[in-house]
Protein chains: 2
Amino acid sequence: MNTPKAHLVDDDEAIRDALSWLLSSRGLPSATYPAAEDFLAAWTPATCGCVVLDMRMNGMSGLDCFDALLDRGSTLPVIFLTGHGDVPLAVATLKRGAFDFFEKPLNDNELATRIGEAMALDALQRAANATLDSVNARVSRLTTRERQIMDLVLAGKYNKVIADELNISMRTVEVHRANLFEKMQVKTAVELANLFKTGR
Amino acid sequence: MNTPKAHLVDDDEAIRDALSWLLSSRGLPSATYPAAEDFLAAWTPATCGCVVLDMRMNGMSGLDCFDALLDRGSTLPVIFLTGHGDVPLAVATLKRGAFDFFEKPLNDNELATRIGEAMALDALQRAANATLDSVNARVSRLTTRERQIMDLVLAGKYNKVIADELNISMRTVEVHRANLFEKMQVKTAVELANLFKTGR
DNA sequence: GGGTCGAATGTGGATATCCACAATACGCAG
DNA sequence: CTGCGTATTGTGGATATCCACATTCGACCC
């Protein structure tokens, strides 16, 4: 897992440097890229923080870069900067999932605040996803039968009822139940249910 | 609970009528209001569907009307119409929770489609809230002790452990447990946990 | 054929949950 | 004082869950 940073992507060096300096004065680490292609080349799924993306750049546009990030499954919050107001474009990018949208000239303090908020959101999302991934990994290790039993346990059914529905003995239900609890790393059915609190 | 309708708020009668007719041809009921004040006077928490709100009107503006709805706790999806492009305003209203934002002249078919989507979202949200309200009503009827026991049951603890932690007998835990299960209308601890799947 | 894995089942015993029936104590309202 | 609601506790018995130890069967691979 990498250090969370604000990834600043703008072909205007003055803006990159000014922003980087401002964020540094707020204790927010940053990395700068003069072109969208540079950022995409450096991006990995473990890249953390947020992206500040100029809409219009030489080479690849900010919007195309955003699309490429989405295609790769990136969940990084993206803040767009633009020098040319265009309502449908602003609306469309926000609906597409962009975190925010700023027109130049920039209100630096407001932008820095939003960058902080975007990075905090990224941290929260990553923590939630780590939990979800861990649960999903455990589920993937269950056998077909164990998975079946788990779904019925999660529906609140007694072992006896489960046995009737699947036409097997209660003892077999108990065995599968014990095995799945071990694989899911829980001791009780309620603990199991709690694993799926935000997972479904 | 009222019939779900697209509530069309615009001081331009031609737009109200054209939209109402278009939605009618798609089987979407609508109601029209020539002023924001008229819509707010008619609004109740049971109003369903969505709101289509012109940004600039004589009298109260669309944005003030939106704020008033939010103040009253309305969850109706709101689609804004505007004749004057303004990126910061569009971005701000979307961030404030508006469902969508359209510039005039309108692309009628796209707007009608979005209205349909907004109404579907409202229906989903209302169903989810009904469930949540029902669960909360049941929780509100629990005694202090029953609530305490419930939290520990939901943490997956055995009755014996709960008794130790609260310094009471296991029999007392059983009694409270039985009482709270009855009030919460569940038969097993897993059913109870499932009530809070999306409630927390 | 031998080994592994998953599914199935049984016995016997321990622990956990559930509850009818019964009772006491305390706080509060009329 | 009486009645009501809540909290607490016990007895005895039934049902549910858990599991050590043991076994068999079928599918698949070497």
Side-chain angles (χ1 to χ4, degrees), chain A residues 131-200, chain B residues 131-200:
Chain A
T131 301
L132 184 58
D133 288 344
S134 170
V135 172
N136 286 336
R138 284 178 247 166
V139 171
S140 71
R141 286 195 289 267
L142 300 180
T143 65
T144 302
R145 205 57 155 171
E146 286 165 355
R147 180 59 200 272
Q148 248 181 333
I149 301 283
M150 183 175 77
D151 288 343
L152 296 171
V153 168
L154 287 172
K157 304 197 177 191
Y158 293 150
N159 289 350
K160 175 176 177 175
V161 173
I162 294 170
D164 285 345
E165 290 189 14
L166 300 180
N167 278 297
I168 53 178
S169 76
M170 226 167 37
R171 181 75 194 94
T172 301
V173 173
E174 289 171 6
V175 169
H176 289 307
R177 186 184 173 112
N179 290 340
L180 87 90
F181 275 25
E182 182 174 352
K183 288 179 183 179
M184 297 303 295
Q185 295 167 28
V186 296
K187 291 198 181 56
T188 67
V190 173
E191 273 184 50
L192 181 68
N194 288 340
L195 286 186
F196 296 94
K197 267 261 176 72
T198 56
R200 275 235 183 114
Chain B
T131 301
L132 184 58
D133 288 344
S134 170
V135 171
N136 286 337
R138 284 177 249 169
V139 171
S140 71
R141 286 194 290 264
L142 300 180
T143 64
T144 302
R145 204 58 152 171
E146 286 164 356
R147 180 60 198 272
Q148 246 180 337
I149 302 282
M150 184 173 76
D151 289 342
L152 296 171
V153 169
L154 287 173
K157 304 195 177 192
Y158 294 149
N159 289 349
K160 175 176 176 173
V161 173
I162 294 171
D164 285 344
E165 290 190 14
L166 299 180
N167 277 299
I168 53 176
S169 75
M170 222 165 39
R171 182 74 192 95
T172 302
V173 173
E174 289 170 5
V175 170
H176 290 308
R177 188 183 172 113
N179 291 339
L180 87 90
F181 276 25
E182 181 174 352
K183 288 179 183 179
M184 297 304 292
Q185 295 168 27
V186 295
K187 289 197 181 56
T188 66
V190 173
E191 274 184 49
L192 181 69
N194 288 341
L195 285 186
F196 296 94
K197 265 256 178 78
T198 57
R200 276 250 178 99

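Residue numbering restarts at 1 for every chain, and letters A, B, ... go by the order of the sequence lines.
- Between B/E146 atom CD and B/F181 atom CZ the span is 11.5 Å, to the nearest 0.5 Å.
- Nearest nucleotide to the B/R177 side chain, out of C/dC18, C/dT9, D/dT9: C/dC18.
- To the nearest 0.5 Å, atom CG of residue A/L152 and atom CZ of residue A/R147 are 11.0 Å apart.
- Nearest heavy-atom pair, A/L166 versus A/I149, reported as atom, atom and distance to 0.1 Å: CD1-CD1, 3.6 Å.
- Closest to the side chain of B/R171, out of C/dC18, C/dA20, D/dC18, is C/dA20.
- The interatomic distance linking B/E174 (CD) with D/dA7 (C1') rounds to 15 Å, in whole Å.
- For B/K187 and A/I168, each mapped to the nucleotide of DNA chain C holding its nearest heavy atom, the one lying further toward the 5' end belongs to A/I168.
- Distance from the side chain of A/Y158 is smallest to D/dT17 among C/dA7, C/dA16, D/dT17.
- For the pair B/Q148 CD and D/dA7 P, the computed distance is 9 Å after rounding to whole Å.
- A/T143 comes within 4.0 angstrom of sugar-phosphate atoms only, judged by non-hydrogen atoms across all strands, and of no base.
- One interatomic measurement links the two molecules: CG of B/D164 to P of D/dT9, which rounds to 12 Å at whole-angstrom precision.
- In this structure, CG of A/L180 is placed 13 Å from C1' of D/dC18, rounded to the nearest angstrom.
- Between B/T172 and D/dT9, a side-chain N or O to OP1/OP2 separation shorter than 4.0 Å is present.
- Here the closest heavy-atom approach between residue B/V190 and residue A/A189 is recorded as CG2-CB, 3.4 Å.
- For C/dG6, neither phosphate oxygen OP1 nor OP2 lies less than 4.0 angstrom from any side-chain nitrogen or oxygen of A/H176.
- Of all the heavy atoms in A/K187 and B/Y158, the pair that sits closest is O-OH, 4.2 Å.
- In this structure, CG of B/N179 is placed 13 Å from P of D/dG5, rounded to the nearest angstrom.
- Between B/E191 atom CD and D/dA16 atom P the separation is 15 Å, expressed in whole Å.
- Nearest nucleotide to the B/F181 side chain, out of D/dC19, C/dC18, C/dC19: C/dC18.
- Nucleic acid contact class of A/R145 (heavy atoms, under 4.0 Å, all strands): sugar-phosphate only.
- Summarising the geometry, the separation between CD on A/E146 and C1' on C/dA8 is reported as 13 Å, rounded to the nearest angstrom.
- Atom-to-atom, CD1 of A/I162 to C1' of D/dC18 comes out at 14 Å; the value is rounded to the nearest Å.
- Between B/N159 and C/dA16 there is no side-chain polar atom (N or O) within less than 4.0 angstrom of OP1 or OP2.
- Both B/V175 and B/R141 lie near DNA chain D, and the one whose nearest nucleotide falls closer to the 5' end is B/R141.
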